[in-house]
Amino acid sequence: MKVLVVGGGGREHALAWKCAQSARVERVFVAPGNAGTAREPKVQNVDVAAGDIDGLLHFASRERVELTIVGPEAPLVAGIVDRFTQEGCACFGPTRAAARLEGSKAYTKAFLQRHRIPTAGYAAFTAADFDADFVRAQHLPVVVKADGLAAGKGVVICETHEAAIETAQRMLGGCFGSAGNTVVIEEFLHGEEVSFIVVAAGEQVVPLATSQDHKRRDDGDNGPNTGGMGAYSPAPIVTPDLHARIMREVIDPALRGLTLDGTPYLGFLYAGLMIGADGIPYVLEFNCRLGDPETQPILMRLESDLVSLCGAAVRGSLAGVEVKWDARAALGVVMAAGGYPDHYRTGDPIRGLDAADSLPGKVFHAGTRATGPQVLTAGGRVLCTVGLGESIAAAQREAYDLVHAIHWEGAQYRRDIGERAIRAAPR
Ligand code: AMP
C-alpha cells in the first residue's frame, strides 16, 4: 500500500522512516519532506506544501494513497481530515472541530473545567472585556497565553503584574494576528513537566511510550524557550501509578468529553502535563499531533507496525491492539542553527552525515534541504540525533557520538539532554 505523511520536520522524518519499515507498505510519500526523508529507502518527497489541502487531496487521490498521516497542527486545525474524509480518503488525525483542543486555548480551558480535568485556574478576555485588575489580583508569576496558534511563541510567563498586563495588551493589540483576539490569564503551576501521548479513536486508546523533552535552549534548562532541544523515552518520573492516574484523570475523561461534546477524537493526542508536588497531573495544554522532538525517541522504541496501528484507529478498531516497545531507552539531541530560536542562519553545508550513518543510532532531519549530494541547513532545528541504550545514560552516549560526527558553521546543541532523568533514575 501507499502512505502519505504530511509535513517536513523531524517528526515527519521519523513517521516516514517508521511507516517505510512496514512490510505492507510499498511507498511512503512525504509532502514536502526534507533532505533526510529524500534519502530514506521506500520514501519519496512530494513537492506539495503541508498547508495545501487541495493539492494534498489531489495527490492522494491520483496516487491511490490508502492512508494519510498528518504531522503538523496547522493543516489539522484547518480541517484537512474533514476534507479527506468527505472525499473517501482515509486520513489519520482529528477533525477540525476536535483539533480545537490545540487551536484554541480558551476553548480547551473551558473544556477541561466542564469535564473536571485538572488544570490551572484561569480567565479568558477579549479586548472588549480585558480586566487589568483581575491580572493585578493574581499571584506572581502570571502566565499569559494567546488563544490561537502562535508558532510556539504565544505563552509568556510574566514576573510582574505590569509585564503581564502589557503582554496581554500586546496580544490583544494584534502582535500574533487573530491568534491573540482572546487571551488566557493563567495561574502558574510548579512541578515537573511530562509529555503524555496516546493514539485515540473515540474512547478507544493506546498510550505511546512515555517521554520528556527539554524546552530551554541552554544547558541546565536555561535560556529562551524553544520548540524543544532534545527528548528521551521512557520518562522515569512516570511510574506505573502515575501512568494509571494520567489515564484515569486526564486521558479517559478527555476522550469521553470529546465524544459527549459531539467531536469524537481520532489521531495522536498529546497532553502536556505538570505533575504537581501533590501528584496531580495538571493539563498545561493539549496538542492534536505528536510532539517534536519527542516523536523521534518514541518511534525509535516502537517495534509494532505504525501503519497498522494508525489504520486500526481510522477503522475505529483499536480495542485489543497490542503495541510492543523496545525495552531500551532512546534519547534525541536536537542540533540547531546558530541564532536559534531567534534569527538563525540557513544555507550552511552540513558535514559528517555519511560518517554518522555508519554509527549506531539514527539521525533524523528537520530543517534541511539537498542541493545535489550536499545537504544544507534550512531551518532553526536542523537535525535530531537519536541513540538507544540499556539506560538513558547509554542512549545519551550514543546520541552524542552522532552529534560529534556532524558539523556545520554555527551549529548549537545542548550538552546535557537527559541529565535530569539520569539524576532521577541512576541505573
Ligand atoms: P503551553 O504551550 O501551554 O504548553 O505552554 C508552553 C510552556 O509554558 C509549557 O511547556 C510550560 O513550560 C509553560 N507553561 C504553560 N502554562 C504554564 C502554567 N500554568 N504554569 C507553569 N508553566 C506553564
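Just so it is clear, the model here is predicted, and its values are computed rather than measured. Indexing begins at 1, ligand by ligand and atom by atom, following the structure's order. Computation of the quantities below employed the complete heavy-atom set of this structure, encompassing side-chain atoms and omitting hydrogens, waters and symmetry-equivalent molecules.
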#### Entry: Close side-chain approach of Val155 to Val143, heavy-atom, < 4.5 Å
yes
### Message
If you define the side chain from C-beta out and look only at heavy atoms, does anything of Met171 sit under 4.5 Å from Val156?
### Response
yes
Sub-3.5 Å pairs, protein N or O with ligand 1 N or O:
unit_1   : atom_1 : unit_2 : atom_2 : d
ligand 1 : 2 (O)  : Lys105 : NZ     : 3.4
ligand 1 : 2 (O)  : Glu285 : OE1    : 3.1
ligand 1 : 3 (O)  : Lys105 : NZ     : 3.3
ligand 1 : 3 (O)  : Lys145 : NZ     : 2.9
ligand 1 : 4 (O)  : Glu285 : OE1    : 3.3
ligand 1 : 4 (O)  : Glu285 : OE2    : 2.9
ligand 1 : 10 (O) : Glu193 : OE1    : 2.6
ligand 1 : 12 (O) : Glu193 : OE1    : 3.4
ligand 1 : 12 (O) : Glu193 : OE2    : 2.4
ligand 1 : 16 (N) : Lys145 : NZ     : 3.0
ligand 1 : 19 (N) : Glu186 : OE2    : 2.6
ligand 1 : 19 (N) : Glu187 : O      : 2.9
ligand 1 : 20 (N) : Leu189 : N      : 2.8

#### Entry: Stacked cation flag Arg397 on Tyr400, 6.0 angstrom / 45 deg
no
### Query
Side chains of Thr85 and Asp82: is there a donor and an acceptor less than 3.5 Å apart?
no
### Query
Of Gln113, His115, Lys109, which meets side chain to side chain contact (heavy atoms under 4.5 Å, CB included) against Phe111?
His115
### Message
Using a strict threshold of under 4.0 Å (side-chain N to carboxylate O), is an ion pair present between Asp218 and Arg216?
### Response
no
